[in-house]
Number of protein chains: 2
Amino acid sequence: MSIHPNITALTALLAEKSRATILAALMDGKFHTASELAYMATIKPQTASFHLAKLEENNLVISEKNGRFRYFRIANDEVANTLEIFMSISPPPEVRSLKQSSQLKRLENARTCYDHLAGRVSVNLTNIMQEEGYLERCNKKFIVSAKGELFFRDLGVDLVGLSKKRRSFSHSCLDWSERTHHLGGALGNGLFERYIELGWIETKANSREIVITTRGKSGFKDFFGLEIQM
Amino acid sequence: MSIHPNITALTALLAEKSRATILAALMDGKFHTASELAYMATIKPQTASFHLAKLEENNLVISEKNGRFRYFRIANDEVANTLEIFMSISPPPEVRSLKQSSQLKRLENARTCYDHLAGRVSVNLTNIMQEEGYLERCNKKFIVSAKGELFFRDLGVDLVGLSKKRRSFSHSCLDWSERTHHLGGALGNGLFERYIELGWIETKANSREIVITTRGKSGFKDFFGLEIQM
DNA sequence: TCCATACTTCGATAAATATCGTATTATATA
DNA sequence: TATATAATACGATATTTATCGAAGTATGGA
């Protein structure tokens, strides 16, 4: 029984608590320094450096040097998507405190998945875009219809510019809290950045949490017909 | 950053070569003794026993005692499905010999996934059943249409009996070689057993490989319109 | 009753590796 | 130039754990 996909290579990297925490922290899609990540994983900088070297060696993260600092980030959206799948499979976190419980609720509502939106809001938006006929799901991708092209133009998203980026244009990404799919890829990222530009959503420091602003609530209502509670 | 799904619990179990091999071997859906699994993983029986205890403790496998023997099996189709997802994520196996290469090709063509059919043949059959309107994919399940009920009755599959089994009736299962979905659950199992009954397919000892018989080739052609090359 | 087989338990061992203290390099700032 | 900070390199340590030998338990067969 020597022939079977090599599951151990990836899982061994994720089986370590500190590395898993580092990767989970990086899933906010932002760059982070080694010291920041060390603090989040409650380990010394040397240890974080050791783990980050291993993660970069295995192409899970990439880094950019800038002066004294070195910024780390998830390598690409394939890695991010894979990590989301792992999270969807894993048992849900044990919630201890009330504070953690409400934080988890907010994360389940809206968070970043690498460089696009995830959580209930993202899943709802993706469903609406399908129901309205803007997107059609085919295999693991979404296809933008003619109607969709008009919609995205109205929203101010530059489809032509996005499609020039050399990456998956619109893959469907598994959502660990909703256990279904949301929109990822360049289009997911384009929408995400447009929402920020419009002031509909805001990112929070050191968290994957996304805040829907008042302007965002009316925006999502007007453009998508989506009522957001939280 | 304490709030994040607990990825380490599952991955730690899969990160070990011997355990991964044992689980991969059990993915043929059959019961296997501890000695058999020890032999397949090239470890001593004590070591296999140690791993199997761990796997059973974490509800990945179940066992039945029968005389001196103890038979182990994947716990349920959720576990099997999860393992398939892990395999689909993991890098493909390094093929060394010509023998391994042809074995891999046969596995990619048709193999068991827990207790139903997987591989190219299974994906093709599933697609055909959707195109012909026997099945409709909805969320993560397949729904049998009225037309489908007739089809399955003609094929000799007892839908009523299957639906009485207390398990997922017809979930869609991720295929690691084809990177798309095939039919699992009780219906997938029912079809699988019916194919064997009809003499269309044959299982091989100590392998997930499935052989399509000559009778099977004409059967799949007549009932599904599927030409099978291998 | 005796023996062989299947499996598990226990204890010892060896290997892997996460962690941190200390030291070093590189960069920014005063 | 001197000092503080960010990150890495190296060595030592401690912890974990997979592995196997030896022994023990349960079962089937001669």
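The chains referred to below are lettered A, B, ... by the order of the sequence lines, with proteins before strands, and numbering in each begins at 1.
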Plane angle bin for B/Tyr195 and B/Phe220 - parallel if under 30°, tilted between 30 and 60°, otherwise perpendicular: perpendicular
Using whole Å, report how far CG of B/Leu52 lies from P of C/dT8. 7 Å
Respond yes when some side-chain nitrogen or oxygen of A/Thr33 is under 4.0 Å from OP1 or OP2 of D/dA6, and no when none is. no
For D/dT8, does either OP1 or OP2 sit under 4.0 Å from a side-chain N or O belonging to A/Ser49? yes
What is the distance, to the nearest angstrom, from the CZ atom on A/Phe69 to the C1' atom on C/dT25? 16 Å
Would you say A/His51 reaches C/dT17's phosphate, i.e. side-chain N/O to OP1/OP2 under 4.0 Å? no
Is there a side-chain contact between B/Lys54 and the phosphate of D/dT17, meaning an N or O under 4.0 Å from OP1 or OP2? no
For A/Ile43 and C/dT17, what is the distance between atoms CD1 and P respectively, to the nearest whole Å? 16 Å
Report yes if at least one side-chain N or O of B/Ser35 is closer than 4.0 Å to OP1 or OP2 of C/dA6; otherwise report no. no
Between C1' of D/dG29 and CZ of B/Arg68, the distance in whole Å: 8 Å
Between CZ of A/Phe50 and C1' of D/dA6 the distance, given in whole Å, is 19 Å
Say you draw a straight line from CG of A/Leu198 to CD1 of A/Ile201; how long is it, rounded to the nearest 0.5 Å? 9.5 Å
Taking atom P of C/dC7 as reference, at what distance in whole Å does atom OH of B/Tyr71 sit? 8 Å
Does A/Arg19 have a side-chain nitrogen or oxygen under 4.0 Å from the phosphate oxygens OP1 or OP2 of C/dA18? yes
Is A/Arg70 close enough to D/dT8 that one of its side-chain N or O atoms is under 4.0 Å from OP1 or OP2 there? yes
Send over the distance from A/Glu16 CD to C/dA16 C1', rounded to a whole Å. 13 Å
Side-chain donor or acceptor of B/Thr112 paired with backbone N/O of B/Asp115 under 3.5 Å: no
Short side-chain to backbone donor-acceptor contact, B/Glu56 and B/Ser63, under 3.5 Å: yes
With distance as the sole test, does B/Ser122 use its side chain to make a donor-acceptor pair with the main-chain N or O of B/Leu117 at under 3.5 Å? yes
